[in-house]
Amino acid sequence: MSHNPHVLLVHGAWVGGWEFAPVVPSLQALGWTVETLELPSTGSTGSLAADAAALRDRLDHAETPVLLVGHSYGGVPVTEAGDHPAVAGLVYVAAFALDAGESVRGSVGGEFPSGWHVAGGQVTLGATREERIAMVSADFPPGTPPEAGEQLADMFRPQSLASLTDTVAAVAWRTKPSWYLLTEKDVLVPPAFQQALAERAGSEIIRLATGHAPFQEDPQGFVDALSRVAASARV
C-alpha cells in the first residue's frame, strides 16, 4: 500500500457526494487523495450512459491508480465505466453490482418497490415527504432522533428513471479486482441480495454491522474497511 491512496467515491440514487462527508476528513488525515463524483442522473432525467461518461472523464484526469467506490446505485456506473486504465480496484458498498443486460429495476424483479414514486421521467423515494422520512428513518440504528430522518429526507432529490431502467453494457468486475462491503442491517437493499451479487462478481466480502449508509452510521468502521481494501489492492 502506498502512503497516499487515491479514492473516488460515487454516491447512490437521490443523494450526492455529500453523503460521504462523515468519512472524507478521516481519509484525508490518513494521507489519502479523496474525490467525490456528482452523478448527472440525480435531479434530472439523465441516462446511465451520462453517469458513466462523467465517471470516465474524471478517471481520464487521474494521476495515480484509483480505488473506485460505488454506493447503492453508484455501483452501476462503477460497473459500466470501471474498466478504465486508471482503476486499481472496485469497491461496492451495499451496491448494485450488475451484469451485462441488467438494470436496477430488472434486478429487483422488474418492478420498483411500492414506495418508489415514478412521475415525469423521474423516481422519488416516497410519493410524499412523510413517506420519504419514514423510508429513510427505517434504516437508522435504534435511538436515532426523529429530526435526523427529516433532515436527511429533505436533502434527497428525484432520480432519473432512465438511470434505473437502462441496462449495463460493460462489466468492470469481470476484469478488475473487486470488494463488496455488505451491510448486514440494511433494510433498503437486503443483505441476502447483496451477498448474491457479491458472490456472482467474485468480490471479496467485508461485512459491516450497519444499515445502508455505513459511512454515516459507523464512519471509522467504513474507513477501516477501505484501508483493508487499499492494502489488498496495493494502491
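Just so we're clear, the structure is a prediction, and the values are computed from it rather than from any experiment.
Ring-centre distance between His71 and Phe215: below the 6.0 Å cut-off. The ring of Trp173 has its center no closer than 6.0 angstrom to the ring center of Trp179.
Between Thr79 and Tyr92, the side chains place a donor N or O and an acceptor N or O closer than 3.5 Å (distance only, hydrogens not considered). Checked by atom type, the side-chain pair Arg207/Gln195 shows a donor-acceptor distance below 3.5 Å. Side-chain atoms of His212 and Ser72 form a donor-acceptor pair, as typed in the model, at a separation below 3.5 Å. Thr42 and Gln159 are linked by a side-chain donor-acceptor pair at a separation below 3.5 angstrom, with hydrogens and angles left out of the test.
At distances below 3.5 Å, at least one donor-acceptor pair connects side-chain atoms of Ser160 with backbone N or O atoms of Gly46.
Summarising the geometry, atom CG belonging to Leu164 is positioned 9.0 Å from atom CZ belonging to Arg105; distances are rounded to the nearest 0.5 Å.
Salt bridge status for Asp83 with Arg174: absent, with no side-chain N to carboxylate O gap under 4.0 Å. Using a 4.0 Å cut-off between charged nitrogen and carboxylate oxygen, Glu63 and Arg58 do not count as a salt-bridge pair.
Between Glu80 and Val168 the shortest heavy-atom distance is OE1-CA, 3.4 Å.
For the pair Arg132 and Phe156, the cation-pi criterion (under 6.0 Å, within 45° of the ring axis) is not fulfilled.
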